[in-house]
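The structure under discussion appears below in the form of structure tokens.
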Amino acid sequence: MESAFNTAGALSWHELTTNNTEEAMRFYAEIFGWHFKTVKMPHGHYHIIENQGVSIGGITDSLIPTLPSHWTGYITVSDVDQVAISAKKLGGDILFGPEDIPEVGRFCWIKDPQGAIIAAISYLKR
């Protein structure tokens with residue numbers, strides 16, 4: 001089976017945006033046994049979730065403190081810019097991006113016509 005990181009349409013990453021990353025990491029480490037690797041990103045620290053040595057998602061500080069903590073799924077796509085254009089044409093909104101993530105790829109956050117949020121990402125070819 002192909003990796004979710006290079007399979008178009010696959011859910012490849014899960015990200016928690018929260019106002020208390022330390023509390024969230026303690027909680028998820030205890031209930032799921034997750035470990036975290038912290039990296040510096042342009043917007044601050046990003047905590048990569050590792051499950052049995054495999055990176056499966058991340059935890060990040062909310063840039064909007066009034067926004068409740070929430071999980072966002074990232075869907076692998078071949079061209080995130082085209083997906084953003086298509087989402088707009090179909091009545092969705094682009095909440096963030098498309099924007100590059102250094103050494104990872106390019107992503108955007110999409111709000112569908114019903115108000116649900118999901119992200120699209122094109123990973124760098126390695």
Side-chain angles (χ1 to χ4, degrees):
M1 180 175 188
E2 286 287 322
S3 163
F5 294 109
N6 56 26
T7 302
L11 181 60
S12 58
W13 196 255
H14 297 81
E15 184 174 82
L16 173 62
T17 302
T18 182
N19 290 314
N20 191 330
T21 56
E22 295 300 321
E23 184 178 311
M25 287 189 297
R26 277 192 300 276
F27 177 81
Y28 290 110
E30 185 67 29
I31 64 169
F32 296 134
W34 288 349
H35 296 273
F36 302 92
K37 178 174 62 175
T38 302
V39 295
K40 180 75 173 134
M41 298 295 282
H43 72 279
H45 289 103
Y46 190 82
H47 310 281
I48 297 172
I49 301 166
E50 294 189 339
N51 184 52
Q52 299 180 20
V54 177
S55 299
I56 62 167
I59 297 178
T60 188
D61 289 312
S62 178
L63 299 178
I64 307 168
T66 57
L67 189 67
S69 294
H70 62 279
W71 285 94
T72 304
Y74 281 69
I75 307 299
T76 301
V77 300
S78 59
D79 185 341
V80 75
D81 293 279
Q82 186 57 52
V83 166
I85 291 166
S86 295
K88 291 282 288 179
K89 285 181 183 175
L90 294 169
D93 288 319
I94 304 305
L95 300 178
F96 192 82
E99 182 174 299
D100 291 332
I101 303 170
E103 299 181 39
V104 175
R106 189 166 173 78
F107 80 106
C108 70
W109 277 21
I110 300 165
K111 182 166 76 172
D112 73 18
Q114 293 76 43
I117 298 171
I118 196 158
I121 186 164
S122 297
Y123 293 98
L124 295 175
K125 305 295 183 219
R126 298 200 186 243

Roughly how far, to the nearest 0.5 Å, is [atom2] of [Y] from [atom1] of [X]?
X: His43; Y: Leu63; atom1: NE2; atom2: CG; result: 6.0 Å
X: Ile75; Y: Ile110; atom1: CD1; atom2: CD1; result: 9.0 Å
X: Ser86; Y: Asp79; atom1: OG; atom2: CG; result: 9.0 Å
X: Asp81; Y: Cys108; atom1: CG; atom2: SG; result: 8.0 Å

Can you name the side chain to side chain contact (heavy atoms under 4.5 Å, CB included) partners of Ala10, sequence neighbours left out?
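Testing Ala10 for side chain to side chain contact (heavy atoms under 4.5 Å, CB included), a comparison that skips the adjacent residues, returns Ala4, Thr7.
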Side chain to side chain contact (heavy atoms under 4.5 Å, CB included) with Asp112: which residues, sequence neighbours excluded?
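Asp112 satisfies side chain to side chain contact (heavy atoms under 4.5 Å, CB included) with Gln114, Ala116 once adjacent residues are dropped.
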Over all heavy atoms of both residues, which pair between Ser62 and Leu67 is shortest? Give the atoms and the distance, please.
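So the two residues come closest at OG-CB, 4.2 Å.
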Listed once per pair and sorted, the ring-ring contact (aromatic ring centres under 6.0 Å, His included) pairs that draw on residues 82-102, sequence neighbours left out
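For residues 82-102: Phe96-Phe107.
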Is there a donor-acceptor contact under 3.5 Å linking the side chains of His45 and Thr60?
no
Would you mind listing the cluster partners of Leu90? Hydrophobic ones only (ILVMFWY), side-chain contacts under 4.5 Å, chaining allowed.
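Other cluster members: none.
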In the hydrophobic clustering (ILVMFWY, side-chain contacts below 4.5 Å, transitive), which residues join Ile85, or is it alone?
none
Write out all pairs satisfying side-chain hydrogen bond (donor to acceptor under 3.5 Å, both in side chains) with one or both partners inside residues 91-103, taking only residues at least two apart or from two chains.
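Pairs touching residues 91-103 that pass the test: Asp100-Arg106.
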Within the distance-only criterion (no hydrogens, no angle test), does the side chain of Ser122 pair as donor or acceptor with the backbone N or O of Val77 below 3.5 angstrom?
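Checked: pair present.
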Ignoring hydrogens and angles, write down the donor-acceptor pairs under 3.5 Å from the side chains of residues 24-39, residues two or more places apart or on other chains.
| unit_1 | atom_1 | unit_2 | atom_2 | d |
| --- | --- | --- | --- | --- |
| Tyr28 | OH | Trp71 | NE1 | 3.3 |
| Thr38 | OG1 | His47 | ND1 | 2.8 |

Inspect the surroundings of NZ in Lys40 and state if more than 12 heavy atoms from other residues, nucleotides or ligands are less than 6.0 Å away.
yes
Transitive ILVMFWY side-chain link [X] to [Y], under 4.5 Å:
X: Val104; Y: Phe5; result: yes
X: Met41; Y: Leu16; result: no
X: Tyr74; Y: Val54; result: no
X: Ile48; Y: Ile121; result: yes

The criterion is ring pair (Phe, Tyr, Trp, His ring centres under 6.0 Å); which residues satisfy it with His70, sequence neighbours excluded?
Trp109
Using side chain to side chain donor-acceptor pair (under 3.5 Å) as the criterion, list what pairs up with [X], not counting sequence neighbours.
X: Thr18; value: Ser69
X: Ser12; value: Thr76, Tyr123
X: Asn20; value: Glu23
X: Tyr46; value: Trp13, Glu15

Contact check, side chains of Ile118 and Thr72, non-hydrogen atoms, under 4.5 Å
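The answer is no; the side chains never approach within 4.5 Å.
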What verdict does the side chain to side chain contact (heavy atoms under 4.5 Å, CB included) test give for Ile56 and Glu50, after you've listed the backbone C-alpha separation in whole Å, the side-chain angles of each residue and the deciding distance to 0.1 Å?
CA-CA 6 Å; Ile56 62 167; Glu50 294 189 339; over 6 Å; no
